[in-house]
Structure formats: structure tokens, C-alpha cells
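A short worksheet on the structure shown next.
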Amino acid sequence: MIGITFSQIKKHSGKEVIYQDCPLNYLPVYVKGGQLFALQSDVNSASEQTDGILRIHVYKGKTGSEYLHYEDAGEGLGYLAGEYLKRTISYNPESETLEFGNVEGLYQSNFDRLKVYFHGFTLDSVSIDEERYPLKTEAYAFLGKLTEFDPLPENDHPYFEINNLPYLDLDHLSSAFVIKGIV
């Protein structure tokens with residue numbers, strides 16, 4: 001296993017062709033600066049429960065972005081009667097904020113916790129409603145190690161983790177809130 005830091009990640013300027021080997025144990029992730037997206041724990045179908053943590057990944061950039069988070073039961077027509085959850089999450093580098101809008105809809109979220117990961121930022125705390133929150137760090141991999149046993153080991157492309165990735169762990173609130181101090 002090889003751990004890397006954000007400064008070791010290769011940065012591309014865009015509008016270029018990239019040829020990348022992609023063996024099974026190596027998942028390259030390309031994200032435009034300023035973007036954000038959400039992930040959940042692995043599930044096999046919409047009827048399975050997640051681990052209850054929504055993971056938001058925010059990438060430092062010169063321009064911001066907006067993400068619309070949506071949840072519903074995954075089956076049936078309940079969404080037509082308002083049984084859904086919708087929330088806008090916006091990253092604004094000019095104001096150094098990550099804004100979570102109010103939750104819309106009647107659906108109870110499948111997530112009771114949020115983990116907000118800050119890629120490329122140099123910060124150790126952020127604030128919400130004028131209260132400072134220290135960030136934690138962890139080694140993070142987008143693709144977990146496939147197996148300990150490999151009859152044909154792939155030593156040219158080892159398993160990668162991002163070392164010391166800062167994140168904020170907080171309750172998933174339905175009211176609007178703003179995370180400030182994202183520099």
C-alpha cells in the first residue's frame with residue numbers, strides 16, 4: 001500500500017488527452033478544481049441500508065460549483081406525493097464557504113451523519129454559526145483494497161490511499177447551514 005498526499009497528486013490543466021493504465025487495483029479519479037460530489041457506502045440495491053454517512057468531497061479551485069442532493073425510497077411513486085428529500089450544496093471559493101440549503105420534501109434522509117472531505121485545502125478547522133470545529137484526518141481510498149490474496153500481484157500499480165485527508169464529521173441537519181473558513 002502506498003500513501004500519498006494532495007501535493008503528490010498530479011494536476012492537469014485540462015483540454016489534454018490523458019492515457020492512464022487502469023488495472024483492477026488502481027482507480028484513477030479525475031476531478032475538476034472547485035467541484036464537489038457525494039458518495040455513500042456500498043449497497044447492492046436501493047432496498048439495502050447504507051452505513052448512514054453521506055460523504056461530501058470538496059475540491060479546492062478558483063471557481064465554485066453546486067450539487068443537488070436527492071433521495072427517495074428508490075421504488076414506487078411516493079416521490080409524486082412529496083416523499084423525497086432535495087437539498088442544494090454550494091461551494092463558493094470567493095467567500096470561502098460551503099453552503100447547505102434547506103431540505104425540501106417529506107422523505108426522511110437515509111443519512112444521519114455527514115463527512116465533508118476537503119481536498120487540496122490547508123485548514124485544520126472551520127466554523128458553523130460562529131462556532132469553530134476542528135477537522136480530523138484519515139487515510140482515504142476511493143477504491144478499497146480488493147483482496148489480500150492475489151495469485152498475480154500487480155506491483156507496478158500498488159494500492160493508493162490519500163494520507164491525512166482533512167474532514168469534518170457532523171450531524172445531518174435538515175435546516176440550512178454554512179461552513180465558513182474554507183481556504
Side-chain angles (χ1 to χ4, degrees), residues 1-16 18 20 26-42 50-71 85-103 109-145 157-183:
M1 176 177 359
I2 292 181
I4 58 175
T5 62
F6 191 81
S7 63
Q8 294 171 302
I9 294 174
K10 184 171 180 174
K11 296 176 185 170
H12 300 277
S13 61
K15 297 183 181 180
E16 61 183 287
I18 302 167
Q20 178 67 55
Y26 178 71
L27 176 66
V29 176
Y30 295 95
V31 180
K32 181 179 176 183
Q35 298 299 302
L36 63 132
F37 61 87
L39 297 173
Q40 68 177 31
S41 61
D42 292 339
T50 69
D51 65 0
I53 303 170
L54 181 63
R55 293 158 180 87
I56 310 285
H57 292 266
V58 184
Y59 286 80
K60 186 173 185 169
K62 295 177 183 169
T63 59
S65 62
E66 189 172 276
Y67 164 74
L68 177 64
H69 180 72
Y70 179 87
E71 296 177 50
L85 178 143
K86 194 165 59 168
R87 163 180 258 172
T88 301
I89 305 170
S90 305
Y91 166 54
N92 187 333
E94 292 82 27
S95 61
E96 301 173 347
T97 59
L98 183 64
E99 184 174 339
F100 289 73
N102 281 315
V103 167
S109 179
N110 296 319
F111 307 100
D112 56 355
R113 305 284 309 155
L114 295 174
K115 272 181 122 172
V116 183
Y117 292 93
F118 298 99
H119 295 265
F121 295 90
T122 54
L123 36 103
D124 55 7
S125 68
V126 294
S127 66
I128 302 173
D129 294 331
E130 307 306 321
E131 185 176 340
R132 299 292 302 167
Y133 291 87
L135 299 182
K136 301 174 185 175
T137 62
E138 70 179 34
Y140 188 87
F142 283 100
L143 177 66
K145 197 166 192 171
H157 300 93
Y159 172 72
F160 285 102
E161 284 184 335
I162 302 169
N163 285 332
N164 301 316
L165 182 60
Y167 71 93
L168 175 65
D169 185 10
L170 66 154
D171 291 331
H172 188 186
L173 307 170
S174 59
S175 58
F177 65 95
V178 178
I179 300 173
K180 297 179 181 178
I182 303 173
V183 290

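For reference, positions follow the sequence shown, starting with 1. Just so we're clear, the structure is a prediction, and the values are computed from it rather than from any experiment. Quick note: numbers below take in every heavy atom, side chains included, and nothing from hydrogens, waters or symmetry partners.
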Quick one: does [X]'s side chain have a donor or acceptor within less than 3.5 Å of a partner on [Y]'s backbone?
X: Asp169; Y: Lys115; answer: no
X: Asp51; Y: Ile53; answer: yes
X: Thr50; Y: Ser41; answer: no
X: Ser109; Y: Phe111; answer: yes
X: Arg132; Y: Ser125; answer: yes

Tyr117 and His119 aromatic ring geometry - parallel, tilted or perpendicular at 30°/60° bounds: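 The rings of His119 and Tyr117 sit tilted, inter-plane angle from 30° to 60°.
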Parallel, tilted or perpendicular: rings of Phe177 and Phe100 (30°, 60°):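 Ring orientation of Phe100 relative to Phe177: parallel.
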Atom pair [atom1] ([X]) and [atom2] ([Y]), whose distance is rounded to the nearest 0.5 Å:
X: Leu168; Y: Leu98; atom1: CG; atom2: CG; value: 9.5 Å
X: Ile182; Y: Phe118; atom1: CD1; atom2: CZ; value: 4.5 Å
X: Leu173; Y: Asp112; atom1: CG; atom2: CG; value: 11.0 Å
X: Asn110; Y: His172; atom1: CG; atom2: NE2; value: 10.0 Å
X: Glu94; Y: Thr63; atom1: CD; atom2: OG1; value: 8.0 Å
X: Glu66; Y: Thr88; atom1: CD; atom2: OG1; value: 5.0 Å

Pair Arg113-Asp171, side-chain contact (heavy atoms from CB on, under 4.5 Å): steps then yes or no: CA-CA 5 Å; Arg113 305 284 309 155; Asp171 291 331; 2.3 Å; yes
Looking only at heavy atoms, which two atoms of [X] and [Y] are closest? And how far apart?
X: Val126; Y: Gly181; result: CG1-O, 4.4 Å
X: Tyr133; Y: Ile128; result: CE1-CB, 3.7 Å
X: Ile56; Y: Ala38; result: CD1-CB, 3.8 Å
X: Val29; Y: Phe142; result: CG2-CD1, 3.7 Å
X: Lys60; Y: Gly120; result: CD-O, 3.3 Å
X: Ser65; Y: Gly34; result: OG-O, 2.7 Å

Side-chain donor-acceptor contact under 3.5 Å, Tyr59 with His57: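 Absent: no donor and acceptor within the cut-off.
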Steps toward side-chain contact (heavy atoms from CB on, under 4.5 Å) verdict (Thr137, Leu135): CA-CA 7 Å; Thr137 62; Leu135 299 182; 6.0 Å; no
CD/Glu16: more than 12 non-hydrogen atoms of other groups inside 6.0 Å: yes
Pairing of Arg87 and Glu71 as salt bridge, 4.0 angstrom limit: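 So Arg87 does not pair with Glu71 through a salt bridge.
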